[in-house]
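A short write-up of the structure that comes next.
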2 protein chains.
Amino acid sequence: MLGTPNRNRIAERREATRREILDAAWEVAREQGLSQITLRDVAARVGMQAPSLYSHFASKNAIYDAMFAQAWTECQETILAAEERLAAEGGASKPRAALRVQARTFFDFAVSDLARHQLMNQRTIPGFEPTPEAYAPAVDTLESFKKRLRALGVRRQQDADLCVALIGGLIDAQLANDPGGSRWARLVDRAVDMLANDLGLPQDS
Amino acid sequence: MLGTPNRNRIAERREATRREILDAAWEVAREQGLSQITLRDVAARVGMQAPSLYSHFASKNAIYDAMFAQAWTECQETILAAEERLAAEGGASKPRAALRVQARTFFDFAVSDLARHQLMNQRTIPGFEPTPEAYAPAVDTLESFKKRLRALGVRRQQDADLCVALIGGLIDAQLANDPGGSRWARLVDRAVDMLANDLGLPQDS
DNA sequence: GTCTATAGTTTGATAGAC
DNA sequence: GTCTATCAAACTATAGAC
């Protein structure tokens, strides 16, 4: 009986092909711009003809949708990893250091890939709206952030909103006005401290 | 001799037609999205056929270019008017009130028109880059803002950068997560105060 | 300056053979 | 599941009559 193992192998192969297609789509997005992705271009990079993509994705927007989910999932994993690193160093009890790591990690993640940032945080593709399933990891990431804020004693909705706006503003300014540079990257720590003062967080001991 | 008056009338009529075309383009941008502007659509709204637009603009990007310059010019005029209003009320000597008016005016201007904000502050149209002439009013607006900061004793480049990022972040968060609402609009005054504290501005007397 | 006609491209998506 | 062939639609831009 080799029915089950075969099904697994086939499913794995399918999944691998999907990932190859998404990788190619990210490549195009980074080189040509997010909205400049074409099925022909993506297909060529995985050695296919454009119509073959429809065996793996129902439409072009379905590709954007998978990319959206992928980006937010990866973002959450990156933040989680940074958090665990901080905990291992014993710095998790320092509230300002904890906030600084959150901000820095998210900032670096966003700034390192303009196309990805546009897909995640701006509504730049006409007619594309993420499906609820693709949106879920984005909601999770924000909820995790708010939970961490609560652990620091920051409970009000508007406090979290202010954090989100400030870090997001630094990201957008960096990408728009000094891409590849560090003019706003340098301000992240200062911004977090300003925020921590406003939130009444104690100094780290 | 009616050569000169005729030339004036003709030039005025041309200018009026250009403005009608731009108005129509803004209309399309607000209804369908900035990148969804088509020459057919714009032309139809001014009662023309698409090719006729080429008598007034050299290309589609030339229309975006004129819109870009128009938006920033209007923005600067709006801020200037708000500033003069504050001066008339005798509040110009209060540094925090002055900063608050700047921030609030720019915030309201940006949030009131998503398409305009995208054109002014995001690079969302593939292949469009404003010409130096269209970019000039944007530079002027930023320079004026920095001059006003200097008048308040704020001189470092990074201080202005932080202001720009914070207000920009509030705008983007408002437009992206609560369009038409006021969840981040409510935070503008608080954000300015937080900033003023960080910059060491004295309390208004 | 505006029109009609159309060139010239590009694109997402479908049909059907293999 | 991938291919070839092709559709149907949309768009910017140009040519040339009026």
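Numbered from 1 within each chain, the chains take letters A, B, ... in sequence-line order.
In this structure B:Gln157 satisfies the side-chain contact (heavy atoms from CB on, under 4.5 Å) test together with A:Arg183, B:Lys146, B:Asp161, sequence neighbours excluded. Checked against salt bridge (Lys or Arg N to Asp or Glu O under 4.0 Å), A:Asp189 has the following partners two or more places apart in sequence or in another chain: A:Arg104. Judged as a side-chain contact (heavy atoms from CB on, under 4.5 Å), and not counting sequence neighbours, the contacts of B:Val154 are B:Leu149, B:Asp159, B:Leu199, B:Leu201. Remark: B:Ala97 engages B:Lys94, B:Arg100, B:Asp204 in a side-chain contact (heavy atoms from CB on, under 4.5 Å) (not counting sequence neighbours). Scored by the side chain to side chain donor-acceptor pair (under 3.5 Å) test, A:Thr124 finds B:Thr124 as partners (sequence neighbours excluded). Residues forming a side-chain contact (heavy atoms from CB on, under 4.5 Å) with B:Glu84 (at least two apart in sequence, or on another chain): B:Leu80.
Only A:Gly47, A:Met48, A:Gln49, A:Pro51, A:Ser52, listed by number, bring a heavy atom of residues 43-53 of chain A to less than 4.0 angstrom from any atom of DNA chain D. Within residues 21-35 of chain B, no residue places a heavy atom under 4.0 Å from DNA chain D. Proximity of residues 57-69 of chain A to DNA chain C (heavy atom under 4.0 angstrom from any strand atom) is restricted to A:Ser59, A:Lys60.
Judged as a side chain to side chain donor-acceptor pair (under 3.5 Å), the pairs with a partner in residues 67-83 of chain A (not counting sequence neighbours) are, in order, A:Trp26-A:Gln70, A:Gln76-A:Ser144, A:Glu83-A:Arg148. Sorted by first and then second residue, the pairs that involve residues 97-128 of chain A and meet ring pair (Phe, Tyr, Trp, His ring centres under 6.0 Å), not counting sequence neighbours, are A:Tyr64-A:Phe128.
Using a 4.0 Å heavy-atom cutoff across all strands shown, B:Arg14 reaches sugar-phosphate atoms only and no base atom.
Reading DNA chain D from its 5' end, the first and the last nucleotide to sit under 4.0 Å from a heavy atom of chain A are D:dG1 to D:dA5.
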